[in-house]
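Right, one structure below, let's go through it.
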Amino acid sequence: MNPIQSLRDSLYKTIVAALEQAKKDNLLEFSTIPDFVIEVPREKEHGDFATNVAMLLARQAKMAPRKIAEIIVAQIPVNQAGFKKVDIAGAGFINFYLDNSWLYGIPALVQTMGNEYGQNQKQNIKVQVEFVSANPTGNLHMGNARGGAIGDSLANILSLAGYDVEREFYINDAGNQIEIFAESLEARYLQLTGHDVMFPENGYAGQDVIDTVKGIISRYGKDLVVLSSQERRQRLVEEALQEKVTYIAKTLQEFGINYDVWFSEKTLHQAGKIDEVIAELERKEFVYEKDGALWFKSTRFGDEKDEVLKRANGLPTYFAADIAYHKDKFERGFDWVINVWGADHHGHIARMKGAIQALGYNPDQLDILLMQLVRLLRSGNVVRMSKRTGTTVSLDELIEEVGQDAARFIFVMRNPDSHLDFDMELAKQQNQDNPVYYVQYAHARICSIFRQAEAAGISLPPVEQINTALLKEQEEMDLLRKIADFPEEINVAARTMAPHRIARYVLDLAGLFHSFYNHHRVINDNQALQGARLLLMSVTCTTIKNALSVLGVSAPEQM
RNA sequence: GCGCCCGUAGCUCAGUGGAUAGAGCACCGGCCUCCGGAGCCGGGAGCGGAGGUUCGAUUCCUCUCGGGCGUACCA
């Protein structure tokens with residue numbers, strides 16, 4: 001249930017009916033109704049809704065926009081319930097002013113829906129969000145953390161917007177990186193079992209690899225020394241990958257993220273899916289051979305240069321595996337596929353979409369949500385990558401140090417397109433500088449009101465006994481209006497893949513609550529008004545909680 | 001060089017082609033005998049630059065100047 005959308009839909013019908021009536025009466029000439037918008041004006045003085053339809057019709061109707069607006073307005077039954085007045089303003093805007101009856105219905109709606117408030121109608125559209133998909137060869141870093149926060153929040157938003165959502169993690173457990181990983185593991189294993197071997201030049205030099213190998217040695221001792229190198233590497237890499245993937249899953253779970261599907265790249269190799277997809281592209285004549293390698297004609301799809309699918313050594317590239325992976329996604333019947341990628345992968349987008357198109361799928365059904373990189377700050381100084389661990393601060397260290405709530409809120413607060421400076425000190429501060437507490441404090445404060453009320457023997461009356469029309473103060477109306485916005489805000493955030501909108505939203509909502517709180521008392525001598533305000537507090541509390549929940553942030557009752 | 005992203009208030013950032021561009025922080029001044037002062041109220045300044053499309057541009061296009069990131073038979 002989305003009150004704003006309902007109002008807009010009904011206004012849309014009213015306007016279209018007015019246009020058609022005017023045309024029928026030969027007052028207005030046009031062949032097609034333009035693609036007009038019904039927006040919520042920035043300025044309250046401009047009404048509850050406004051439309052630009054008159055301006056857009058000017059050319060077709062060969063008439064001044066204000067004149068057209070007058071004709072349209074004359075056809076609108078302003079006296080009908082819900083309307084206060086309809087105005088023409090500015091260059092030809094038609095402004096609609098509604099009476100407050102719709103707003104007074106909001107609390108009952110929220111109260112009834114409870115945890116479900118924000119949920120839009122189901123649309124039967126399958127969408128997949130793939131995010132983090134970190135290499136299982138190391139720790140999760142700050143970039144993965146941002147991707148996790150954005151991806152998971154977006155998935156929550158899409159779900160509330162009415163989509164059927166699946167969360168997926170793509171495990172890169174095959175290919176070149178894994179070969180190097182295996183070599184690194186083997187070198188460490190042999191070194192730690194007393195052999196003097198060289199560590200590979202591009203190997204994984206991090207302490208975590210050594211720790212992993214130590215763990216393997218504690219389980220299997222020196223048993224692997226006698227194996228052939230190939231067998232030894234295979235055993236080591238299997239053990240290590242299992243450990244790493246388990247660790248990644250556990251860390252992400254502690255970050256509030258639970259996946260529906262963990263997809264292994266290796267299974268694509270084993271099932272021959274990669275050769276299959278290369279063969280398909282060859283059949284469709286998007287592949288050629290040069291210098292012993294097989295190339296995909298990605299320039300045909302606007303890419304800067306063609307890309308190698310299969311190297312001269314006969315091994316497929318990561319790109320080839322990724323094509324097979326995306327083909328698999330589309331074969332699974334998703335209507336919309338979203339990948340959350342770090343900005344360093346942007347060069348991959350054009351060729352991936354090209355490959356999708358080459359395979360006969362619609363590249364518009366694939367969206368890449370690109371997020372800019374994260375810089376970690378401590379006391380205003382950039383923290384450099386550590387050679388020892390391969391990360392600045394790993395996600396589990398981050399959760400340990402600043403907590404899930406602050407970390408998730410800060411990561412998701414910014415537009416993914418913006419660079420993010422993550423300030424450890426700020427994230428840890430439990431004061432006004434830290435936005436997450438501002439919101440949580442609002443929630444805790446409302447809970448406190450209810451505790452106070454209860455102590456005084458006051459409880460929230462049944463909704464049907466409450467007269468919400470007693471809420472007349474500006475702060476009360478502003479709160480109601482903001483609460484009514486939540487489902488539509490979810491819709492817009494889903495459509496534009498912009499989870500940061502929900503963070504802004506809940507900050508605004510908390511601000512409106514604090515303002516109300518400082519101006520008016522909930523518990524007071526006027527029983528009827530007290531009941532209405534208790535209900536207002538209850539639904540404010542619910543909305544804050546639901547919005548925070550979307551972001552993976554808790555709503556504490558006390559702080 | 002070429003490609004993608006970003007240049008908005010002193011700082012960090014919002015801003016689905018609309019009317020007078022908004023928050024937070026910082027700074028100054030107010031507000032608790034009263035439901036949690038982790039709060040509220042008030043106070044200044046800004047769309048990097050130049051063209052173009054449009055009735056209307058912070059938003060779209062071109063050029064330009066800054067910053068970040070790519071530009072592997074790595075992933």
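- B:rG70 and B:rC63: their P atoms are spaced 24 Å apart (whole Å).
- The aromatic rings of A:Y517 and A:F513 sit tilted relative to each other, their planes meeting at an angle between 30° and 60°.
- For the C1' atom pair drawn from B:rA19 and B:rC31, the interatomic distance equals 35 Å after rounding to whole Å.
- Interface residues of residues 493-506 of chain A facing RNA chain B, ordered by number: A:H500, A:R501, A:R504; criterion, heavy-atom separation under 4.0 Å.
- Contact annotation: A:S515 side-chain N/O to B:rC41 OP1/OP2 distance is under 4.0 Å.
- For A:K327, the salt bridge (Lys or Arg N to Asp or Glu O under 4.0 Å) criterion is met by A:E280, A:E331, not counting sequence neighbours.
- For residues 345-355 of chain A, the salt bridge (charged side-chain N to carboxylate O under 4.0 Å, His left out) pairs, not counting sequence neighbours, are A:D303-A:R351, A:E307-A:R351.
- Straight-line distance between the P atoms of B:rU8 and B:rC13: roughly 9 Å, to the nearest whole Å.
- Using a 4.0 Å cut-off between charged side-chain N and carboxylate O, A:R501 and A:E489 make a salt bridge.
- Legend: residues meeting side-chain contact (heavy atoms from CB on, under 4.5 Å) with A:A69, ordered by chain and number and at least two apart, are A:A54, A:I88, A:I94.
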Distances under 3.5 Å between protein N/O atoms and the N/O atoms of nucleotides 52-56 of chain B, please, pair by pair.
unit_1, atom_1, unit_2, atom_2, d
B:rC55, OP1, A:R59, NH2, 2.8

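- Along RNA chain B, the nucleotide nearest to A:Y437 and the one nearest to A:P416 differ in position, and the one closer to the 5' end is contacted by A:P416.
- Between the side chain of A:D508 and the base of B:rA14 there is no donor-acceptor pair of N/O atoms closer than 3.5 Å.
- With the 3.5 Å cutoff on both pairing distances, Watson-Crick and G-U pairs in RNA chain B assemble into runs of at least 3 at B:1-7 with B:65-71, B:10-13 with B:22-25, B:27-31 with B:39-43, B:48-52 with B:60-64.
- A:R414 has no side-chain polar atom (N or O) that falls below the 4.0 Å cut-off from OP1 or OP2 of B:rA23.
- Comparing B:rA45 with B:rC28, their C1' atoms sit 15 Å apart, to the nearest whole Å.
- Here, B:rG18 and B:rC27 have their C1' atoms 35 Å apart, quoted to the whole Å.
- Side-chain contact of A:N2 with A:E488: a donor-acceptor pair under 3.5 Å is present, judged by distance alone.
- Listed by residue number, the members of residues 295-310 of chain A with any heavy atom below 4.0 angstrom from RNA chain B are A:E304, A:V308.
- Comparing B:rG17 with B:rU58, their P atoms are spaced 13 Å from each other, to the whole Å.
- Residues meeting the side-chain hydrogen bond (donor to acceptor under 3.5 Å, both in side chains) test with A:K329, sequence neighbours left out: A:Q128, A:E130, A:N339.
- Under 4.0 Å is where a charged nitrogen must lie from a carboxylate oxygen, and between A:D478 and A:K482 no such pair does.
- Ring orientation note: the planes of A:F286 and A:F301 are tilted relative to one another, at an angle of 30° to 60°.
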Could you list all N or O pairs between the protein and nucleotides 63-68 of chain B that sit under 3.5 Å apart?
none

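- When the C1' atom is compared between B:rG56 and B:rA21, the two are found 15 Å apart, to the nearest whole Å.
- Sorted by first and then second residue, the salt bridge (charged side-chain N to carboxylate O under 4.0 Å, His left out) pairs involving residues 521-544 of chain A (not counting sequence neighbours) are A:E476-A:R533.
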Got a list of protein N/O to nucleotides 32-37 of chain B N/O distances below 3.5 Å?
unit_1, atom_1, unit_2, atom_2, d
B:rC34, O2', A:R521, NH1, 2.5
B:rC34, O2', A:R521, NH2, 3.4
B:rC35, O3', A:Q452, NE2, 3.4
B:rC35, O2, A:I523, N, 3.1
B:rC35, N3, A:V522, N, 2.9
B:rC35, N4, A:Y517, O, 3.1
B:rC35, N4, A:H520, O, 2.2
B:rG36, OP1, A:S448, OG, 2.5
B:rG36, OP2, A:S448, OG, 3.3
B:rG36, OP2, A:Q452, NE2, 3.1
B:rG36, O2', A:Y441, OH, 2.5
B:rG36, O2', A:R445, NE, 2.7
B:rG36, N7, A:S448, OG, 3.0
B:rG36, O6, A:M559, N, 3.3
B:rG37, OP2, A:R445, NE, 3.4
B:rG37, OP2, A:R445, NH2, 2.0

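- For A:A174 and A:E43, each mapped to the nucleotide of RNA chain B holding its nearest heavy atom, the one lying further toward the 5' end belongs to A:E43.
- In this structure, the side-chain hydrogen bond (donor to acceptor under 3.5 Å, both in side chains) partners of A:Y288, at least two apart in sequence or on a different chain, are A:D306.
- With a glycosidic angle no further than 90° from 0, B:rC32 counts as syn.
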